[in-house]
S.K.: 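Below you will find the structure I want to go over with you.
The chains referred to below are lettered A, B, ... by the order of the sequence lines, with proteins before strands, and numbering in each begins at 1.
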Amino acid sequence: MSETTPASGAAEAATEPFRYGAALAAEIESRWQDLWEKEGTFNAPNPTGPLADGTSVAAKPHSFIMDMFPYPSGAGLHVGHPLGYIATDVYARYQRMTGHNVLHTLGYDAFGLPAEQYAVQHGVHPRVSTEDNIANMRQQLRRLGLGHDSRRSISTIDPDYYRWTQWIFLQIFNSWYDEDAARARPIAELVAQFESGEREVPGGRAWAELSGVERDEVLGEYRLAYSKEVPVNWCPGLGTVLANEEVTADGRSERGNFPVFKSNLRQWMMRITAYADRLISDLDLLDWPEAIKLQQRNWIGRSEGARVDFGVGDDTVTVFTTRPDTLFGATYMVLAPEHALVDAVVPAEWPAGTRDEWTGGAADPATAVAEYRAAAAAKSDVERQADAKVKTGVFTGAYATNPVSGEQIPVFIADYVLMGYGTGAIMAVPAHDSRDFAFAQAFNLPMRCVVRPTDGRGEDPHTWDDAFDTYDSVLVNSERDGISLDGLSVVDAKARITAWLAEQGIGEGTVNYRLRDWLFSRQRYWGEPFPIVYDETGAMHALPESMLPVEVPEVDDYSPHTYDPDDAASSPKTPLSRNEDWVNVELDLGDGVRTYRRETNTMPNWAGSCWYELRYVDPVNSTSVVDPANEAYWMGPTAEKPAGGVDLYVGGAEHAVLHLLYARFWHKVLHDLGHVSSVEPFHKLFNQGMITADVYRDARGFPVPAAEVVDPEGNGQYFWQGEPVRREAGKMGKSLKNAVAPDEIADEYGADTLRLYEMAMGPLDVSRPWDTRAVVGSYRFLQRLWRNIVSEVTGELVVTDEEPDEATLRALHKAIDGIRGDMAGMRFNTAVAKAIELNNFLVKRGSTPRSVAEQVVLLIAPLAPHIAEELWRRLGHEQSLAFADYPVADPAYVVDETVTCVVQVKGKVKARLEVAPSISDADLEALALADPTVVAAIGGAQVRKVIARAPKLVNIVTG
RNA sequence: GCCCCGAUAGCCCAAUCGGCAGAGGCAACGGUCUCAAACACCGUCCGGUGUGGGUUCGAAUCCCACUCGGGGCACCA
């Protein structure tokens, strides 16, 4: 508890000892927080298991309200951090007061890079610093009076938690995606198919003949978690590989902003691509902001198109295209530099007629290809993107056959074709694709117009400035032998040529996704170890469930192997591999005790957050990840939630494609394997806005402490220590020297004032600037509320026992009606405004009837729970109001007896009439036309039309 | 370059179906209280909705174009 007292407090304490000031607020708040904790007020019972309380909760409506859990950083909280936590708490309290069993808690996401970097910088073990940070954060958050079920608060670094993270990994590892059934199945069922011969083993040999390593390789092509050598994002500056989602558009690490290079490395991957289709289509079942759904759709990037086979010598190269209709316009072909068939198609010498600019100056094709590949590999992603406008590439010396035109077309390699997308090969149609157009111009390649331009540019692409890529036109120059597309629209031509390709057996319609598999291993110490070991032959073994958790070993040297950020030639090393005692382990995996080598990579920090909602549901279950009955109760599908999931999930929009996509993927795997009934983890998603703050910079551009900046003239000329500084909008944070801690505000005004202010600032989903000066407004409101009920001098109740009059009842019930709607719709800013309006009415009224006071206290309780509990107690109630019934409006008092009707003449207001709310349009029109002021306003002009909208408006059109 | 979101009083924001632009708060100004100040209290002031068109009896709200601000994607064939 804080001892801070504002200057005014002490002076007033003598005459107004019961004034609602900082000291009294602090006393009330800590007392109620202690009581809630002692009584377990916010503990939500489960239907079954250790958290069941013997009562039947099945029939009660229930609500699972969740925040995106925090990373326990060492910097401490600023007032922006708890915005979402306050909002969910207000909502959760409202739900509790409307009869719901509410699951609301908060855990900590404590593995990962920042925690490790903090530890390295401070020379403390990550576990120590992380646990300290969690303790600090808990302390700061406790002061806000958040009604959490503390029994359910998990931390991802707790071995009892990550045991299940590892268990889920094993579920995913031991599964494959059955395309026919469109779901994940246990890998054992696939092995059985291989053993029985029901399914042919790739490579054609019998399953029994394969060695352990060979079986690993076969199964690795099916498993949903697999280890494979693939081109990955290697970040020497961080010393680890990164997921695509963690690399920014300009090819740098999202964390640390270091360059990222493509490197072929054996790494753990998650086959999230198997779920691409379901991850898109199930978005339709979710109540999420459209912007987030759109980002996920874009990230998954579904494209419909076709695969087309091109003969290249004796080989076949398959390309993916979204424009099969332009096949007649394909005048060359491009393979990604890493494409597996490049070496096969390269001839010994340049064919006759090879243009000089195609060869890259090399004496023969093999040399040209090797040189180009080397140059491409040395480029970082940053350089590659910077060079995007300048097309580079080199001729392979090979020619492909265009399957419709029969023409021989040159085959190039170029880095604008990516190995990771489609088939890593394209047919180039320079006339109708801007990238192909740029490449064709650079290399003097032929172009053919096959879609008639609609902008008068003519049909000779060589005279064009850019490609013509509009869909809204018809095909030309596209006829040969048995196939003609001429005259067809682009859409119809696509369908025709796709069907024709399928008939010929040289192509088919297909769907392609931008999404890549998820790179799941990191070269860090501070993460979940993989429950995987290797035997002396190198064969992989999953540890049995009984050996979980594989604990993070206690070591002295936990620092990562980092390199010069630009050293692309470096390669990752895992910190755990330094610890031979841990790496080499004697285990009995069923065939006697043998020596195994542990997997030394660790999981990415996303792992722990992929499933924590499930653990909130059943946090101390030691026999299963979550009891099916508890999962079904809190998260199961219902009519309102067709895919099931958490009822409300609040967090920042920055997790749109990372956490939210990964968590959906894991949840779906668990659903397929029968562990959860819900299909999606989060039914309703709400993105809260950011609290911004002004940043003040000095002449050199460095931020100066915002709290010390003055504006002596009040004219926007700011000074810090006498020096002029300039103001700009920015984020709140320590580095910008404008962070305001929630503790500062709580010290000066109390936590209820802070909660109320944050809710009143504006709509929850909009970013808005913090203004410490404005906080006093919320404080004054609570003081007025207090004063309406309790004497500041004696501490006695000042409410009266009179029956409230009609005007008071109308004000009360209108407020109840409005606030209820605002609460349910999470419009907390307008709920606060209505509560202030009602309270101001009572201030003006001069006294507050007890019955009204009680309703007001209940109305404000979700927003300012401490003062509400205190007033409730003082009004004579012995039970906490946490489960009291939220006030319900009496409809008779919500509607006014008379309504002011506006009479307009030609849209201008000319008169006002007091009318009954139930008046009909016809009666209102007659009344308006009879009104003398209106008659005067019409002034004898002809009434052409009268629009009556009872009971609020009549508009008379004359003319 | 493409896509999404936003713009209302000096500031933060209301206006639920297209129907009187104002609910609430901050600041400013005047007053009460005070020896004085702070706190508190009472009261007052303030804009026609970013710009330009359109639809409509009527537009902050719907449509089109533009400006500014925020966000996402960016060689994905």
S.K.: Taking the side chain of A:E837 as heavy atoms from C-beta outward, which of B:A23, B:C26, B:C4 is closest to it?
M.R.: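 Given the options B:A23, B:C26, B:C4, the side chain of A:E837 is closest to B:A23.
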
S.K.: Among B:A40, B:G25, B:C12, which nucleotide sits nearest the side chain of A:P769?
M.R.: B:C12

S.K.: Is B:G48 syn or is it anti, if syn means the base angle is within 90 degrees of 0?
M.R.: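 With its glycosidic angle within 90° of zero, B:G48 counts as syn.
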
S.K.: State, without any angle test, whether A:T470 and A:D472 hold a side-chain donor-acceptor pair at a distance under 3.5 Å.
M.R.: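 No pair is found: no donor N or O on one side chain lies under 3.5 Å from an acceptor on the other.
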
S.K.: Can you work out whether A:P763 or A:R323 has the more 5'-proximal nearest nucleotide on RNA chain B?
M.R.: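 Checking each residue's closest nucleotide, the 5'-ward one belongs to A:P763.
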
S.K.: Testing A:I860, A:L785, A:I867 one by one against A:D752 for a side chain to side chain contact (heavy atoms under 4.5 Å, CB included), which residue passes?
M.R.: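 With A:D752 as partner, A:I860, A:L785, A:I867 yield a single side chain to side chain contact (heavy atoms under 4.5 Å, CB included), made by A:I867.
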
S.K.: Produce the list of close N/O pairs, under 3.5 Å, pairing protein atoms with atoms of nucleotides 55-57 of chain B; give distances to one decimal.
M.R.:
| unit_1 | atom_1 | unit_2 | atom_2 | d |
| --- | --- | --- | --- | --- |
| B:C57 | O2 | A:N955 | ND2 | 2.3 |

S.K.: Which value, rounded to the nearest 0.5 Å, describes the distance between A:D469 atom CG and A:R323 atom CZ?
M.R.: 7.5 Å

S.K.: Tell me what A:V902 touches on the nucleic acid: a base, only sugar-phosphate, or nothing, going by heavy atoms under 4.0 Å.
M.R.: base

S.K.: So what does A:A774 hit on the nucleic acid, given a heavy-atom distance under 4.0 Å: a base, only sugar-phosphate, or nothing?
M.R.: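 If one applies the 4.0 Å heavy-atom cut-off, A:A774 turns out to touch the sugar-phosphate alone, with no base involved.
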
S.K.: What is the distance from CD of A:E290 to P of B:C3, rounded to the nearest Å?
M.R.: 17 Å

S.K.: Syn or anti for B:C57, given that syn means the glycosidic angle lies within 90° of 0?
M.R.: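 Anti, angle beyond 90° from zero.
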
S.K.: Which listed nucleotide (B:G72, B:A27, B:G19) is nearest to the side chain of A:R773?
M.R.: B:A27

S.K.: In sequence, state the C-alpha distance, the side-chain angles, and the governing distance for A:T392 and A:F439, and then conclude on side chain to side chain contact (heavy atoms under 4.5 Å, CB included).
M.R.: CA-CA 7 Å; A:T392 62; A:F439 191 85; over 6 Å; no

S.K.: Using atom P in both nucleotides, what's the gap between B:A60 and B:G53 to the nearest angstrom?
M.R.: 15 Å

S.K.: Indicate, with yes or no, if the rings of A:Y757 and A:W770 have centres closer together than 6.0 Å.
M.R.: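 Between A:W770 and A:Y757, which both carry aromatic rings, the centre distance is below 6.0 Å.
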
S.K.: For atom C1', what is the distance between B:G43 and B:A36, given to the nearest Å?
M.R.: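 These two C1' atoms come out 23 Å apart once rounded.
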
S.K.: Calculate the interatomic distance between A:N687 atom CG and B:G70 atom P; express it in whole Å.
M.R.: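 Whole-Å distance recorded here is 19 Å.
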
S.K.: In whole Å, measure the gap between the C1' atoms of B:G70 and B:A27 for me.
M.R.: 26 Å

S.K.: Look through every strand shown and name the nucleotide pairing with B:C39 as Watson-Crick or G-U wobble, where both distances are under 3.5 Å.
M.R.: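 Here B:C39 is not engaged in any pair, so there is no nucleotide opposite it.
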
S.K.: Is A:R19 reaching over with its side chain to a backbone N or O of A:E792, donor-acceptor style, under 3.5 angstrom?
M.R.: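 No; zero donor-acceptor contacts below 3.5 Å.
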
S.K.: Only pairs with both distances under 3.5 Å count, Watson-Crick or wobble alike; so what is the partner of B:A74 in this structure?
M.R.: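 Answer to the pairing question: none, since B:A74 forms no Watson-Crick or G-U pair.
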
S.K.: At 4.0 Å (heavy atoms only), tell me whether A:V843 reaches a base, stays on the sugar-phosphate, or touches nothing.
M.R.: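 It contacts sugar-phosphate atoms only.
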
S.K.: Does any donor-acceptor pair link the side chain of A:K391 with the base of B:C75 at a separation under 3.5 Å?
M.R.: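 Check passes, donor-acceptor contact within cut-off.
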
S.K.: What contact category does A:S767 fall into here, base, sugar-phosphate, or nothing, at under 4.0 angstrom with non-hydrogen atoms?
M.R.: sugar-phosphate

S.K.: Report which part of the nucleic acid A:R787 touches: base, sugar-phosphate, or nothing (heavy-atom distance under 4.0 Å, all strands).
M.R.: sugar-phosphate

S.K.: The side chain of A:R780 lies closest to which of these nucleotides: B:C75, B:A40, B:G24?
M.R.: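 Per side-chain heavy atoms of A:R780, the pick is B:A40.
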
S.K.: Which nucleotide sits closest to the side chain of A:S303: B:C4, B:A27, B:A77?
M.R.: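 My answer, after comparing the listed nucleotides, is B:A77.
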
S.K.: Using 0.5 Å steps for rounding, measure from the CE atom of A:M427 to the OG1 atom of A:T326.
M.R.: 3.5 Å

S.K.: Ignoring hydrogens and angles, tell me if any N or O in the side chain of A:K391 forms a donor-acceptor pair with the backbone of A:A440 under 3.5 Å.
M.R.: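 No, because the side chain of A:K391 does not come within donor-acceptor range (under 3.5 Å) of the backbone of A:A440.
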
S.K.: Could you check whether A:K844 gets within reach of a base, just the sugar-phosphate, or nothing at all, counting any heavy atom under 4.0 Å?
M.R.: sugar-phosphate

S.K.: Under 4.0 Å, heavy atoms only, any strand: does A:N840 hit a base, just the sugar-phosphate, or nothing?
M.R.: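 Sugar-phosphate only.
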
S.K.: Short question: side chain of A:N738, backbone of A:D694 - any donor-acceptor pair under 3.5 Å?
M.R.: yes

S.K.: In whole angstrom, give me the gap between the P atoms of B:C62 and B:C20.
M.R.: 16 Å

S.K.: Taking the nucleotide of RNA chain B with the closest heavy atom to each, which residue, A:V657 or A:G424, is nearer the 5' end?
M.R.: A:V657

S.K.: Can you find a donor-acceptor pair, distance only, under 3.5 Å between A:R912 side chain and B:C20 base?
M.R.: yes

S.K.: Round to the nearest Å and state the distance from A:R768 atom CZ to B:A14 atom C1'.
M.R.: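 Distance, rounded to whole Å: 15 Å.
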
S.K.: To the nearest Å, give me how far apart CH2 (A:W770) and P (B:C13) are.
M.R.: 14 Å

S.K.: Using the P atom in both, what is the distance from B:G54 to B:U49, to the nearest Å?
M.R.: 16 Å

S.K.: Between A:D325 and A:V450 (side chain of the first, backbone of the second, donor and acceptor by atom type, cut-off under 3.5 Å), is there such a pair?
M.R.: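 Absent.
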
S.K.: Which part of the nucleic acid, if any, lies within contact of A:V775, taking any heavy atom under 4.0 Å across all strands shown: a base, the sugar-phosphate backbone alone, or nothing?
M.R.: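 Contact class for A:V775: none.
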
S.K.: With rounding to whole Å, what would you report as the distance between B:U67 and B:A40 at their C1' atoms?
M.R.: 46 Å

S.K.: The side chain of A:L418 lies closest to which of these nucleotides: B:A77, B:U16, B:G24?
M.R.: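 Within the option list, the nearest is B:A77.
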
S.K.: Atom CZ of A:F320 to atom P of B:C75: distance rounded to whole Å?
M.R.: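 The answer, rounded to whole Å, is 17 Å.
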
S.K.: Hey, does the side chain of A:N829 come within less than 4.0 Å of B:C12's phosphate (OP1/OP2), counting only N and O?
M.R.: no

S.K.: My understanding is that a pair needs two contacts under 3.5 Å, Watson-Crick or G-U wobble. By that rule, which nucleotide pairs with B:C26?
M.R.: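 Partner of B:C26: B:G10.
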
S.K.: Can you measure A:I292 atom CD1 to B:C3 atom C1' for me and round it to whole angstrom units?
M.R.: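 After rounding, the gap between these two atoms is 14 Å.
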
S.K.: Relative to each other, are the rings of A:F320 and A:Y421 parallel, tilted or perpendicular (30° and 60° limits)?
M.R.: perpendicular

S.K.: Between B:G72 and B:G50, how far is it from one P atom to the other, in whole Å?
M.R.: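 Taking atom P in both B:G72 and B:G50, they lie 25 Å apart.
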
S.K.: Whole angstroms only, please: what is the OH-P distance between A:Y749 and B:A40?
M.R.: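 Interatomic distance, OH of A:Y749 to P of B:A40: 8 Å.
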
S.K.: How many angstroms lie between CG in A:L685 and CG in A:N687, if you round to the nearest 0.5 Å?
M.R.: 5.0 Å

S.K.: Return the value, rounded to whole Å, for the distance between atom CZ of A:R784 and atom P of B:G24.
M.R.: 10 Å

S.K.: Taking only the side-chain heavy atoms of A:V776 (C-beta and beyond), determine which of B:A27, B:A23, B:C12 contains the nearest atom.
M.R.: B:A27

S.K.: Distance check, C1' atoms only: B:U61 and B:C2, in whole angstrom units.
M.R.: 28 Å

S.K.: Mind checking who B:U56 pairs with, Watson-Crick or G-U wobble, both distances under 3.5 Å?
M.R.: none

S.K.: Could you tell me whether the phosphate oxygens of B:A74, OP1 or OP2, come under 4.0 Å of any side-chain nitrogen or oxygen in A:R514?
M.R.: yes

S.K.: Heavy atoms only, 4.0 Å cut-off, all strands: where does A:S778 land among base, sugar-phosphate and nothing?
M.R.: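 Here A:S778 touches no strand at all.
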
